[in-house]
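Residues take their numbers from the sequence shown, with the count starting at 1.
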Amino acid sequence: MRAAGRAVRARLRDRIAASDPGLLRLTAGLRTVGAIALTVAVLSLFGADVHILVAGAIAAMVATFAIREKQLGPQAVTLALGLPVALASVSLGAVLNTRVVVGDAFFVVLIFCAVYGRRFGDRGTALGLIGFQVYFLSLFVGATVETLPELCGAIALAFCSSALMRFAVVPATPTGVLLRLRLAFRARLAQLVSAQADLLDAPAEEMDKALEAVREGTARLHETAMMIQGRLEEGTPDEAAARLVQRRIADAEIAAERLGLLLLTARTAERADTLTLHLPGAPAPSLAEPRMPDEAGATLRRDLRALHALVLKAGSGETGTGLAHVRNRLLGYRDEENLPPASAALQDVFRGIGEAARAVMGLRIALDGPQDESDDTPATARSREELDAEDAAIDGGGEDAAQEQTGLRRPTTRAAVQVAVGSSLAIIGGELLSTQRWYWAVLTCWIVFINTASTGEILVKGYRRLLGTVFGVVAGIVLAGLVGKHTWTAFALVLVLVFAMFYSAPLSYTLMSFFVTAMLGLLYTLLHTYSLDVLVLRIEETALGVACGVVAAALVLPVQTDRRTNELLETVLERLAEVTEAAVGQLSGGPADELLDRARDLDQALADLRAATQPLTHPVTPLRTRRNTARYVVALLETCAYHARTLAATAELLPTHPSIAADPRLRGAAGRTVRNIEAIAARVADEHADTRVETGPSIASLLGSDAGTPRYGRITDRVLRHLERLDEAVVGLARPLDVPVAAPKG
């Protein structure tokens, strides 16, 4: 019974870790709800008026979610600085509340300063957010000079409550967050292996669904890897430890993605294109046969289950002879040991399982430290020696300083000017709709500019906020009717909605807006200002705020979506060229480079591009052809990034891996690929540029080799395959980006 209970708890823990990497959403929700509950409880003991209770609740929420630093020390400094900013903001709000023109002018100046402050990093962003939101709070509760002492006391209590929850009750140290992220990576890796096992047996009519699950699992694993990358510096004791974790996470991600591709290839009638794993909605290739051959299929199913179990044990501290036996068997496939009699494609899958098992062992060593080696087979011992040699070769490196834009070209300055203009329009229009609640239009205009960089992104975010607001108004009407005059029931529901708001925020902006608006219906009920007209006005003010934001973004220092995506596309191509050239250079015998850092820079640039193309790929966009083109280009770039990432990881093995040796011929053979990437980048930067993409013989033929290259020759067949696929994907980018393709010479 106890063992069964432990197993159930472990599965539940893994599911939670996979659904909320690092428990970041859960932590944010609990911390905010706790701060609000503590503030309201203390204020109620002193018999505070309901307006003061609402003000304290909002201040606690703002003090909690505004702080973004990762280290506890900087968080404490920002929170301490935020209190005087909040007190000054609410005092000015109370004084200027009745002075319409002066108050509106100050609000616009405050908005400009709050957005401009983002250029000073997380602290500037937090202080600007606190100043704006607390001024909004003063408008919402109708602050006056007479109520100012009570409001200041409530805000001070809210900041103290937030500090108590942040540093004592629900602490989140960088080391702890990174540990939970690594557990989430393990859980998502196990989920991906499980999805790949389902792909193995999926019938033809369910193949598309199984493939979509593998795509989703691959994307979620990559997302967690990027989250870990962003936490390594703060969460590890030194740079060497950070690079070790980075290396092992990259190895596991690459091995898992490659295994999925090999499985897909083994099931289909022809070689599966890597693009199939990255293009959403792409149909699965036709199956070679309905099911795997019985004997080989049974062995493959057993080994995928074994790999799944091995992944779940990695980082858990669990050991045992049975686990060692499973690990040894799977690692043997890397050295061609005990490969089942099967087709070449199926044997490649078994080799892929061996590579994945090796990556999992490396991950386990990085998370748990040295392991018991008493049960090692020769194949396992060789893998362990390779890992130890790689670990010893890891060394830190510096980073290049990014070139910063100045003047109105600086994003924070441009956004500050835009939001100030948009807010001015929102104030004017909002006053015409309602002289009492005009500030909702200003709040919406402010919010649609947060974390957006182009007119299209603002339009999409505004649409999502308006949609969530409409449905939230309906929910607010229902909840207000159910709650009636029961104050504490309303506060309890507010806490539930606040938690739901923070837990859903990273997943769906529409859903978050829904919870915010439903919560506001309850707050209006508490303030005894609730009516159907008020909630309908909320929709009207939200629509007005969205319109003002879009107009300001389109007319004042505009950044068109095309321009924004082209700039990011150019950056992705530049990073791709850098990674490819550096990896090929090292594989050719050149000096060592910080290849994994370069590969992660490429991944980050690609993530920025993917976010910027949302206006083009949104389901409601009327330009269907353009949407499909944007999706296809991003999928091709993800394919290129996968091959470049794998080349980088392989190149870093050169000093330690016995089966990989430098080959000077590679630099010349792969030069065409790098030139093609640079040609496409030049064309994206200038549509009139006279550049062309070259085609020609395969890279294997340029090396004087062919498909029969020995597995452990001077250059492994895997390196050749990745170079070939990268070259094909780069040429494939030419057509959707309107880059001419030159005919092969000769």
Side-chain angles (χ1 to χ4, degrees), residues 11 14 186-203 207 210-211 213-214 217-218 221 251-268 272 277 287-316 318-364 371 375-384 386-387 711 718:
R11 285 197 297 271
D14 287 336
R186 184 204 67 192
R188 286 192 166 182
L189 179 58
Q191 287 182 344
L192 177 56
V193 173
S194 179
Q196 291 169 345
D198 292 339
L199 181 70
L200 181 66
D201 287 323
M207 192 66 178
L211 179 57
V214 172
T218 303
L221 185 69
D251 284 347
E253 182 187 357
I254 290 168
E257 191 165 357
R258 180 171 177 266
L259 178 59
L261 185 63
L262 292 173
L263 275 166
L264 188 59
T265 299
R267 285 223 62 191
T268 55
L277 284 182
L287 299 184
E289 48 190 325
R291 284 181 55 84
M292 284 283 170
D294 289 340
E295 186 175 349
T299 305
L300 191 51
R301 293 181 196 94
R302 179 201 66 180
D303 288 338
L304 284 172
R305 288 194 298 269
L307 178 62
H308 182 267
L310 201 64
V311 171
L312 289 177
K313 304 303 181 185
S316 65
E318 188 172 336
T319 58
T321 304
L323 186 65
H325 176 73
V326 168
R327 178 200 63 204
N328 294 339
R329 186 181 79 247
L330 300 186
L331 285 172
Y333 293 146
R334 296 184 66 239
D335 290 346
E336 312 289 315
E337 293 180 3
N338 303 318
L339 281 177
S343 65
L346 267 179
Q347 289 194 335
D348 275 342
V349 176
F350 285 104
R351 295 185 186 102
I353 291 175
E355 291 291 347
R358 191 254 198 193
V360 171
M361 184 171 75
L363 190 63
R364 179 166 188 152
Q371 307 291 309
D375 293 318
D376 282 1
T377 61
T380 303
R382 281 192 293 273
S383 293
R384 199 182 296 278
E386 292 170 7
L387 292 168
R711 184 164 300 278
R718 187 182 307 171

* Structure fact -> Taken to the nearest 0.5 Å, the spacing of E355 CD from I353 CD1 works out to 11.5 Å

* Minimum heavy-atom distance between Y333 and R351, given as atom pair plus value -> O-CG, 3.9 Å

* Asked: Is there a donor-acceptor pair closer than 3.5 Å between any side-chain N or O of Q347 and the backbone N or O of P340?
  -> yes

* Check: S194 side chain, A190 main-chain N or O, donor-acceptor pair, under 3.5 Å -> no

* Kindly indicate whether the side chain of D348, heavy atoms from C-beta on, has any atom under 4.5 Å from the side chain of R258. => no

* Structure fact -> Taken to the nearest 0.5 Å, the spacing of H308 NE2 from L310 CG works out to 11.0 Å

* Is there a side-chain contact between L192 and L259, using heavy atoms and a 4.5 Å cut-off? -> no

* Determine whether V349 and L300 make a side-chain contact, defined as any pair of heavy atoms from C-beta on separated by less than 4.5 Å. => yes

* Asked: Looking at L262 and G352, what are the two nearest heavy atoms and their distance?
  -> CD1-CA, 3.9 Å

* To do: Identify the heavy atoms of A255 and A356 that sit nearest to each other, and give their distance.
  => CB-CA, 3.8 Å

* Asked: What heavy-atom pair brings M361 and L331 nearest, and what distance separates the two atoms?
  -> SD-CD1, 3.9 Å

* Working to the nearest 0.5 Å, report the span between CG of L346 and CZ of R267. => 10.5 Å

* To do: Grab the two heavy atoms, one from D303 and one from F350, that are nearest each other, plus how far apart they are.
  => OD2-CE2, 3.3 Å

* How many angstroms lie between atom CG of L330 and atom CZ of R358, to the nearest 0.5 angstrom? -> 14.5 Å

* To do: Could you pull out the closest heavy-atom pair between A359 and A252, with the gap in Å?
  => CB-CA, 3.7 Å

* To do: State the CG-CG distance between L363 and D251, to the nearest 0.5 angstrom.
  => 9.0 Å

* To do: Hey, could you give me the CG/CG distance between L304 and D198, rounded to the nearest 0.5 Å?
  => 10.0 Å

* Asked: With a 4.5 Å heavy-atom cut-off, do I254 and E257 have their side chains touching?
  -> no

